[in-house]
Amino acid sequence: MSMELLAPAGSAAALRAAVQSGADAVYIGGSEFGARHSAENFSSDEIKRWTDYCHLYGVQVHVTVNTLIKEKELPDLQEYVKNLSRVGVDALIVQDMGAAEMIKNTVPDMILHASTQMTVTSLEGVRYLEDMGFSRVVLARELSEKEIAYICKNAKAEIEVFAHGAICMCYSGQCLMSSILGGRSGNRGRCAQPCRLPYEMLENGKNTGKGYLLSPKDMALVNELQCLDKIGVTSLKIEGRLKRPEYVSAVVGIYRKYIDNPSMISHEDMRELTDAFSRSGFTDGYFKGKLGKDMMSHETPGNSAENKFSDAAIQRARENANIRKIPVNIVGTLKKNAPLEITVYDRDGNCVSVAGTLKTEGAVNRPIDEETLCRQLTKLGNTPFECEEISVSVDDGITIPVKEINAARRTACDMLAAEHQKHGLRRIIDYKLPQKKERKNNSVILSAEVMTQEQFEAAAEKGIKRIYVPCQLVGTLKNSDLLEAAENKGIEIVTKTADIFCGEEIQTKAVMVSSPAAAHEYRNKSIYGDFRLNVFNSETAGHFSYMKSVTLSPELNLREIRELCENTLTPAEVIGYGYLPLMIMRNCPVKAMGKCQKNKNIYTLRDRKKQEFQLLCGKNCRAVLLNSKPVYMADKIDDLIKLKINSIRLIFTVENFSQCGKIIDVYSRALDGEKADIMPDNSYTRGHFYRGVL
């Protein structure tokens, strides 16, 4: 097999274990800008040291820059990537579109990999990123074998997939649960994992089951390696930057074994994987397209394994482990009245030659023979090299001190190691970050996102200027002439595309896209950007400047929104009302409990604090988990207007016609300068407008 084995390294010890266990590449994080903030991670000096260590063994180093970047962090990120370029890391794994733009303009020779946090689920998404200059795309974990195969067959970029480790319940990059409930953002590497807590499921208000209802098992595709290789996957990624070195050693070692020697995994090796870490076993449900209860760990959210490791795994994880060896060929020559000459080369074409410091002399007693020279030259000991083949030539009747042979051998090994660690110079450009703009927002309008016909009718009746309508509802409204009537009143109808991309027949001139894939697919339409594009800074806003407007991330606070808007002219929208979607899930938790929302029952999850979160059935049976309380900002409307945004969106999900009308009236009057009433205590939230995330 030719697939790369990519291993997690959340610490120096884990990195060493990964390399010694046979990884082709490792992914690490620095002290900032990585999605595993609680891992040990690496300082800039440590990144240099361990990059050299990896390159010695021919192992590539991919550095995670896979968090959303705040406006004030852009200068520090710019200096950080300059340093990463200087020390020779091989690639950066990026989530933030603006960060990618800045990296391209600052270190244009750096290789970019699109993080799974970008939620790429389709060929269209890959093509968008290819056009941006990404050479590799890490696909969402939720894809099936058939979906991955189609992308691999038609993509130009390399395709990387997760093969082993933890699965998020929500599509990566789209989860707001930890952020909204506790202020710890998964998009910023600080997820508190509320999905691993217990919940009750309520059906029409009555308890219908309980447990760890949002806790999936870990993924294991060790028996699918031949299939993954056949369909064209470039890189297999193991999750686990928070795991101990022995875990990394065990998992990498086993995957290395079956990549090199394809077969079904033995009972003993599967037991080692299970003992290393598992949540009630493993799942291949997404890959096989078999969703439901079998994917879930309802009984326990944490490790159910014994944390036992084989002696071999423990040995590879030890501090002074030097098990992995690089095969080399050695040529040694000893001639009369000449110094020892050594040439050492490896399979990758690295080659060094060394001449000793002393000339040979005539032997008085015991001359050096070929056997002795071979024996001394192959004593590679604690070096990373092992002799694969040796050829020597020794003139008769000469000698040289053994320490001279040893010294020349050590010098040759040091020189060959240095050859492995060389890296070419990369360009570093003095790219200037966005400067303050003379932004105009002559008037702030209200827009509305609806899910039902009665919500649409309420929005149209109350004079909303722009209404986002899901594709299926657009067809219904068109057939009933409601769409034409609204357009005749000057209302702009925008089709809201699916949260997770799927090809749809768009019947309006404008679309609101939730993904780069949709932006690519509907590029000939007038495009609005949804909050799922994760616009966190002016560089990202600038990237999407071809859109009519972008909705800023709901994780930004007022100050951060103001700083962003000061540095871009891209029209911006914020969510001023609505039950924010905390999760979007391919494996519906209702179905995993043996239920289904198609029968019109109302399902909610109730947490330990007795807060209830409604579950909605989305397109293609994807479940959406709503926050327990709506964002409400009508009484604080002036704080939003001061930001120089262009529109405030009202999101309607569970509201009826009357409720929608009342909410629109309150916000409309507030925009006209009237004082809005505050909602009852504990019935609303301000979202992140007054707190933000770390």
Side-chain angles (χ1 to χ4, degrees), residues 1-10 14-15 18-19 21-29 34-36 51 54-55 57-66 89-95 100 110-123 125-126 129-130 133-145 147-167 172-173 219-241 243 248 251-260 262 284 286-287:
M1 294 185 193
S2 58
M3 291 182 295
E4 171 190 272
L5 179 57
L6 177 58
L15 181 148
V19 170
S21 299
D24 298 306
V26 297
Y27 62 103
I28 68 175
R36 289 293 181 268
T51 296
C54 288
H55 286 174
Y57 290 93
V59 175
Q60 290 201 336
V61 178
H62 305 168
V63 177
T64 57
V65 187
N66 58 343
V89 303
D90 298 286
L92 302 185
I93 307 170
V94 182
Q95 173 187 14
M110 180 61 73
I111 292 173
L112 292 182
H113 294 176
S115 170
T116 192
Q117 292 285 118
M118 283 193 174
T119 328
V120 180
T121 61
S122 66
L123 179 62
V126 173
L129 295 168
E130 287 172 346
F134 283 88
S135 62
R136 179 182 293 187
V137 177
V138 187
L139 298 182
R141 293 172 175 86
E142 289 78 5
L143 298 188
S144 67
E145 174 189 341
E147 291 167 325
I148 296 170
Y150 177 76
I151 292 171
C152 289
K153 181 179 179 180
N154 295 283
K156 296 177 184 177
E158 297 176 343
I159 299 301
E160 179 177 306
V161 299
F162 278 89
H164 194 94
I167 303 173
S172 296
M219 171 193 292
L221 299 183
V222 67
N223 280 324
E224 305 298 334
L225 299 182
Q226 294 178 71
C227 175
L228 289 162
D229 184 52
K230 182 178 179 181
I231 64 179
V233 169
T234 299
S235 178
L236 297 177
K237 190 169 200 167
I238 295 171
E239 183 276 338
R241 278 198 290 142
K243 299 292 200 307
V248 174
V251 177
V252 172
I254 289 173
Y255 274 78
R256 178 80 274 156
K257 174 180 177 179
Y258 288 96
I259 289 173
D260 294 344
D284 58 5
Y286 284 134
F287 189 75

Distance-only donor-acceptor hits, side chain of residues 219-231, under 3.5 Å, sequence neighbours excluded:
| residue | atom | partner | partner atom | Å |
| --- | --- | --- | --- | --- |
| N223 | OD1 | I265 | N | 2.9 |
| E224 | OE2 | K288 | NZ | 3.1 |

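- For A155 against V126, the heavy-atom pair with the smallest separation is CB-CG1, 3.8 Å.
- Contact between L143 and V120 at its shortest, heavy atoms only, is CD1-O, 4.2 Å.
- Not one N or O on the side chain of E4 forms a donor-acceptor pair closer than 3.5 Å with the backbone of D24.
- The two residues C54 and L15 come nearest to each other via the heavy atoms SG-CD2, 3.7 Å.
- When all heavy atoms of Y27 and G240 are compared, the pair lying nearest together is OH-N, 3.7 Å.
- Distance check, rounded to the nearest 0.5 Å: OH of Y286 to OG of S144 gives 12.0 Å.
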Test log, rule side-chain contact (heavy atoms from CB on, under 4.5 Å), inputs I93 and V65 = CA-CA 6 Å; I93 307 170; V65 187; over 6 Å; no

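- No hydrogens or angles considered: a donor-acceptor pair under 3.5 Å links the side chains of S172 and R141.
- In terms of modelled atom types and a separation under 3.5 Å, the side chain of E130 and the main chain of K156 share a donor-acceptor contact.
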I would like to know whether I259 and L236 meet side-chain contact (heavy atoms from CB on, under 4.5 Å); could you show each step before the answer?
-> CA-CA 10 Å; I259 289 173; L236 297 177; 4.0 Å; yes

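- Between the CG atom in L6 and the OG1 atom in T234 there is a gap of 11.5 Å [rounded to 0.5 Å].
- The distance from the NZ atom of K237 to the NE2 atom of H164 is 15.0 Å, given to the nearest 0.5 Å.
- In this structure, the separation between OG on S115 and CD on E160 is 9.0 Å, given to the nearest 0.5 Å.
- When every heavy atom of G22 is checked against every heavy atom of L5, the shortest pair comes out as O-CD2, 4.3 Å.
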Steps toward side-chain contact (heavy atoms from CB on, under 4.5 Å) verdict (Q95, T64) = CA-CA 9 Å; Q95 173 187 14; T64 57; over 6 Å; no

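- Distance check, rounded to the nearest 0.5 Å: CG of D90 to CE of M110 gives 8.5 Å.
- Note: F162 CZ to I238 CD1 = 10.5 Å, rounded to the nearest 0.5 Å.
- Nearest approach of S135 to H113, heavy atoms of both residues: OG-CD2, 3.9 Å.
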